[in-house]
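Working notes for the structure below.
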Amino acid sequence: MASVGTHCRRLCRDLGFLPSLPPALLRLTIATSSSGRKPSLHRSQEDFGASDSSSPAWSHRVGPGSPGQAPLLLYLQQRLPPVGPAAFTFVINVVTPAPGHGGKDEVNEEVEPVNMEVMGHPEIYPLVLTTKTQEIFNCRVDEDVTDDQPYKLIKKEDIFEDFKNRGAISDFHPVKKVIQEYPGDEILLVYDKDFKYGLNFYVIGTEEGKENYLNPPEVLEDQEEYKEYSSEEVYIYKAPVSKPWISLGSEKEIEEESVNEATKQTTYMISRKRRKFGAPIKFSDHNASSIKDAYIECTAYPDKNFTLQQVEKDVGMQVIPQIKDRGTQTRWTYPKNATTQYYPREFSEEEKEAVGQSKPFADFFDNVSVGVEIALQQNEIMNTFIDDWKCLAEEEGTFVDKTDTQLKEYQSFTDLHSPMEKMITCVAWHPTIYGLIAVSVAVRLSFEDRVLNSGKLLLQPSLILLWSFSDPIHPQLMLEGPDDIFCFQFCPSDPNIIAGGCINGQIVMWDITAHADRIENIKSGGGRSKKPILKPMFLLEPDSNKEATYIRHCAVSSIENGHRKVITDIHWLADTFEINRMGAVFENRNGICCQLVTCSADCTVCFWDIRPQKALLPQTAEKKKEEVIEIPFDVPSTFLHLDLSWKPLAKVRLSKGETSVDHCPTKISLNESHISQTPDHMVAQDRAGKMEEINPYQNLEGGMAGHLKPIDEFCTKFFVGTEEGEVIYTDWKLERDPETGRLMSKKPVSMHTVHDGAVHTIQRSPFYNDIILTIGGWNVAIWKENVMTGPLLQSCCAPKRYTSGHWSLTRPAVFYVGREDGYIDIWDLLEKTHEPSLSQNICITMITGIKPWPSSSKQQLLAIADHFGTLHILEIPWTLSHPSSNEVSSVQYYFQREVKHLEYVAQRKVIRDKEIKQINMEKERKRSKTYQKSKEQIEAGLKLDYEQYLDLEKTTLISLGLLKISERRSFIDML
Amino acid sequence: TEVEETLKRIQSHKGVIGTMVVNAEGIPIRTTLDNSTTVQYAGLLHQLTMKARSTVRDIDPQNDLTFLRIRSKKHEIMVAPDKEYLLIVIQNPCE
């Protein structure tokens, strides 16, 4: 309505006059004399343009609440020609919409009824019925027609009668034509309460419209309406239409909430006499007690009716989420590479000079130099920040007394059960298990006695005893060999495999894998109890330990093809390489040690491979089978393939050259530079663990040399110590004799006879791979590989013969030498190089073996075996086990110095020779020279003598007075 | 000159590796070391000294830095600051 009003007002204003009424009451009717049924605007305008008369040119009805009129009006406004309002006339009726206002509007007489086609209802013809007409047709507002039934059917005849009675003033006059043309008898008159179509009533001009109204097909109509609306393109604004209210139950709540009076209201009527109204009142004091009922006491008392407590309270609350809109704009900057190069600010030379000459500069120096010099001097005098305590600790170390240099007896083992007198031939610590040491024992007999007693000896088992710290009486294991074992070594890859060399030239293999648990347990038991000596195993398990456990060897080498004399040394080759029959070196793919080298008194050095050879003849295999039956079942089959058929892989003869007598090796030492040093315990244990899973020695295959990569730069030279006291540096690689084509061992690179007895120790330093200690006879020598002019150090002859020796494992400058009188000499190269720095008596007999073992960082043990079969375990004192801070380098330096000295000595010979030659030449030359010059010299000498004689004669004559001076002159003249 | 003599004397002390004089802006004036080392030492030690000086002064406004000795694993660096110049000496104390 407001919009319509506004538009109307605008229209009116544009046309030149404004209605003074408020828009709420505005009802505008624009009348026109349009004759067409459909007052479309074109038509209207045409009419408007054509009928230029004083009468209303066109009319249109504008009802409030009909939004469709708004665009019409706008359109109208646009299309109206801009002419002054005086040129034509509008009739605008302002009608107040109040109901019951029966004032008849001034509607122009017209013939054509106006329908509501614009609003989509061409059958509806709105009209105004006055109250009088309503009475006539019994359709009074709010009485006959109500909200509930807003329509009434009126008979056609009644309307015609009304036409007759009232003529043109009949309210139905505008729709007379419709009624006349209406096909039915009854016309539907609808009360338009809301002035939907502009007037208070409307008639429906068609029978279908009537039917539709009485039985509304709502949906269809709505759709139609919608279509109609959407088809209107000029539609601009659509005001929100209020929707009918749908009950969702809230009215019930409101009803419940509303308070109704439960009790009936009490009505009091108070009356008073008229005359008493407004009478003056006079107040005075009164005694309350004097008059009865003068006061009423209202004492407070609890009323039971009002003791109700509020139990429940209904509180409603609505939560509205707070929403805030915020916006931020971030600027995106893309990264860019940028560099800045700058150079330092510097003074030019002139500027520097100028500054240097300035007075403040000199003053500055005066001020500052003193302090700086003091500081410099302080630093020169002593290092202020040195940690004295730390240095002290380094010096002193633990609580151990530094002056204590004596070896202390820790434990000793003697095999009490053996009836024969035995000596220890070889000692070896178990590589991984703490406190387990193996010794090989041999009957202490000379060769002749041995031959004599050979029958007796056969009954004796030849043994390697494994001692544990936990049991000083019973050996943990006894490895049985075919004959007395003179040397043995644990396999570096698997400590359960032991290789030994016998006096008869056989090599023996043991596999103690089956007994590994036993010795492992000892280890753990010993480790747990702090004092293993106090809790020996035999006390805990007397039964299991009392009986001696002999472990049979699992393989021996063939008697025919091996060594013919006692094996004096045996070594496992490192797991990094292997050699073939020619002595050529190849890589080792197995990663485990599987080759051995032995030397024997039969003047040969042999290499052995523990893997089965593929080239074995089938008959040997058969032979082996037979042997399998013979072998007791408790022997592990690890090296079954080798047993009694094992042949050396390569054999190197140590020939002396022209003479038929060969060198007799006692000890050998191979260059093990390819070993990544001796595997530390972790690795070894790890390997041992692996071996438990799959014992690689169980299924070793022969190395195919052709497939293996040769190691070219490998040094195949090795040191050999001989029985005659020679130290030979030779090559194991065989070469072909150019004449015969036979394989020949190479000639030794160098050979020195420095020892005056059999060499029994030839050992590389654990710190320097090229430093070798050799001990033999009565002296000690230290060599450097590749410096073969002579030993770096050669001690003078000791009073007693040396019998064994070993490098210290932790101090590079220290080695131990055992003597035949039971003393042990400890050499410390940093202290003395001409004699041992310390000697200590261990036992009464010859020391046959020395083996140190670093059991822990604090404790180091030294195993010393003697000729009487006793194994002494001694504790190495702190000073001998812990190197000083730079001992490695200082000893290295010492060796270098010695090398230089040797070079100098070698050179000196040449120099001396030269010098002697020169001296001789000089003498020669001198001699010849004197001979040439002699004649002249003699003549000159004779002349000189004669003149002297003349002088003497003259003086004598003068002194005698026989001659005068003048005469003398004359005499001389005379002459 | 006297300055040169002083410098020579300092340089002749045992273990002295280098000596340099730097002005208040960290620009080297005299040095016995090569250029790049000098520039590095000058720039860094100048900053450090300024920081040290401001630290001392911030703690007590009446105090001032007189000498800065930096002991490192390899050397000792001594810085003698003054109003306008710094004298830096690098010494190997345990030679």
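We name chains A, B, ... by the order of the sequence lines, and we start the count at 1 in each one.
Heavy-atom distances place the side chain of A:Q378, and not its backbone, under 4.5 Å from chain B. Contacts of A:S358 with chain B are made by side-chain atoms alone, with heavy-atom separations under 4.5 Å and no backbone atom involved. Neither the backbone nor the side chain of B:V79 comes within contact range of chain A, judged by heavy atoms closer than 4.5 Å. Heavy atoms of B:I88 lying under 4.5 Å from chain A are absent altogether.
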- Message: Apply side chain to side chain contact (heavy atoms under 4.5 Å, CB included) to residues A:L376 and B:V16 and explain how you reach the verdict.
- Response: CA-CA 8 Å; A:L376 287 169; B:V16 172; 3.6 Å; yes
- Item | Evaluation steps, side chain to side chain contact (heavy atoms under 4.5 Å, CB included), between B:Q91 and A:E380 | CA-CA 10 Å; B:Q91 190 193 17; A:E380 278 167 43; 4.0 Å; yes
- Please report the C-alpha distance between A:E373 and B:H13 in whole Å, then the side-chain angles of each, then the deciding distance to 0.1 Å, and finally whether the side-chain hydrogen bond (donor to acceptor under 3.5 Å, both in side chains) criterion is met. CA-CA 8 Å; A:E373 284 192 84; B:H13 271 277; 3.1 Å; yes
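No other option in A:A375, A:G371, A:A362 has as many heavy-atom pairs under 4.5 Å with chain B as A:A375. Between chain A and the options B:R9, B:Q40, B:E4, B:E2, heavy-atom pairs under 4.5 Å are most frequent for B:R9. If you tally non-hydrogen atom pairs under 4.5 Å between each of A:F347, A:F365, A:F364, A:F361 and chain B, the highest count goes to A:F364.
Around atom NZ of A:K832, more than 12 heavy atoms belonging to other residues, nucleotides or ligands sit under 6.0 Å away. Counting heavy atoms of neighbouring residues, nucleotides and ligands inside a 6.0 Å radius, atom CZ of B:F67 exceeds 12 of them.
Taking both residues in full, the closest heavy atoms of B:E25 and A:R345 are given as OE2-NH2, 3.0 Å, listed atom of the first, atom of the second, then distance. Taking each heavy atom of B:V3 and A:G356 in turn, the nearest pair found is CG2-O, 4.5 Å.
The structure places CG of A:N367 at 12.5 Å from OH of B:Y85, a figure rounded to the nearest 0.5 Å. Once rounded to the nearest 0.5 Å, the distance linking OG of A:S369 with CD1 of B:I10 reads 5.5 Å. Taken to the nearest 0.5 Å, the NZ atom of A:K352 stands 7.5 Å off from the OG1 atom of B:T31.
Under the side-chain contact (heavy atoms from CB on, under 4.5 Å) test applied with A:V372, the options B:V89, B:T6, B:T19 reduce to a single match, B:V89.
Remark: the B:R71 side chain and the A:N379 side chain contain an N/O donor-acceptor pair separated by less than 3.5 Å.
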